[in-house]
2 protein chains.
Amino acid sequence: MNGSEIRRSMPLFPISTVMQLTELSARQIRYYEEHQLISPARTEGNRRLFSLNDIDRLLEIKDLLDQGVNMAGIKQLFLLKAQHAEEQEQQAKKAKPELTDEELRKHLRNELLHAGKLNRSSLRQGDLSRFFH
Amino acid sequence: MNGSEIRRSMPLFPISTVMQLTELSARQIRYYEEHQLISPARTEGNRRLFSLNDIDRLLEIKDLLDQGVNMAGIKQLFLLKAQHAEEQEQQAKKAKPELTDEELRKHLRNELLHAGKLNRSSLRQGDLSRFFH
DNA sequence: AATACCATGTTAGAAAACCTCACATGAATA
DNA sequence: TATTCATGTGAGGTTTTCTAACATGGTATT
């Protein structure tokens, strides 16, 4: 998993933000999770926290539903895509140790805090920009 | 204001997420707002919602405090930077009508929903990627 | 036509997260 | 020593989110 993937899978957004970005209702979003089309992270207090990847998925789900595909169909499509992606990875990479959520956060924070430190104060556009490609 | 600026100023994150990304306490973040170093948006219910720009600013604040600059100093630095940025804009741009928050949201949603629609389902990386540079 | 199923709406009650305000504190400074 | 500054902490209240249950309007099936 490279840096971009790490950033895209970071749990950042509450459901209200996701509702606005996707124009889906809370009911819809939870229903899709119930059917395992997404698996948003949870806070200690059990609130959902969505990543950029989650939001992409939701937009895909919305798209496919609009085209008449049902839950089961979407699930199959996602399974296929996952398989395909896995093949790609195996082709290009060697095994690396998995990171826990906590480690991911640490990693991101570290990059955020220390990268480009020399000129942050003088740049019009701040560092966070580097984390969303 | 161009597309990137729109994206970077969208209110997206609750304070808990910002706390983790910046390693600041809620107290600190609110204190900096009190001193008008940041001005996060609010939900209808008065919860703070932070943008990428807000987060950048908080990281700058943290940096400057570490270097011994106090609130007043940081405020002046920000004022200067703002002036500088304004000059740049006036130099390069003609007047454009301002957008309300609601219009911004609409605009982003529209881009999100319709851009790249043809191949979204077949792409490994979804559309949202376009919104964070 | 009646029935069943699917995706979604709605409501209730509980818990988490967030809010403001007030007071406390330790370090630096006058 | 007294003040100021940046931050911690706690109380009490409001908003947001949670799950669970039941309601509903299309579609498909019998």
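Proteins come first, then strands; the chains are lettered A, B, ... in the order of their sequence lines, and each starts at number 1. It should be emphasised that the depicted structure is a prediction, and the values quoted were computed from it without experimental measurement.
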Under 4.0 Å from OP1 or OP2 of [N]: is there any side-chain N or O of [X] that close?
X	N	value
A/Tyr31	C/dA7	yes
A/Arg42	C/dA15	no
B/Tyr32	D/dT7	yes
A/Thr43	C/dA17	yes

Whole angstroms only, please: what is the [atom1]-[atom2] distance between [X] and [N]?
X	N	atom1	atom2	answer
B/Glu23	D/dT7	CD	C1'	16 Å
A/Leu49	D/dC18	CG	P	9 Å
B/Arg30	D/dG10	CZ	P	15 Å
A/Glu33	D/dA20	CD	P	12 Å
B/Asn70	D/dT3	CG	C1'	15 Å
A/Ile29	D/dT16	CD1	P	15 Å
B/Met71	C/dA28	CE	C1'	15 Å
A/Lys75	C/dA7	NZ	P	11 Å

What nucleotide among [options] has an atom nearest to a side-chain atom of [X]?
X	options	value
B/Arg27	C/dC19, D/dT19, D/dG8	D/dG8
A/Pro14	D/dT17, C/dC19, D/dA6	D/dT17
B/Ser16	C/dA17, D/dT19, C/dT20	C/dA17
B/Gln28	D/dC18, C/dC19, D/dT7	D/dT7
B/Ser25	C/dA17, D/dG8, D/dT17	D/dG8

In short, B/Ser51 meets B/Asp54 closest at the heavy-atom pair N-OD2, 2.9 Å
Under the 3.5 Å rule, do the base of C/dC19 and the side chain of B/Arg47 count as making a donor-acceptor pair?
no
Mark yes when over 12 heavy atoms from residues, nucleotides or ligands other than A/His84 sit less than 6.0 Å from its NE2; otherwise mark no.
no
A/Asp63 side chain to A/Glu60 backbone, donor-acceptor under 3.5 Å
no
Checking the side chain of A/Arg57 only, and the main-chain atoms of A/Leu37 only, is there a donor and an acceptor separated by less than 3.5 Å?
yes
Map A/Val69 and A/Asn46 onto DNA chain C by nearest heavy atom, then report which one ends up closer to the 5' terminus.
A/Val69
Salt bridge (charged side-chain N to carboxylate O under 4.0 Å, His left out) partner of B/Asp56, chosen from B/Lys62, B/Lys81, B/Arg8
B/Arg8
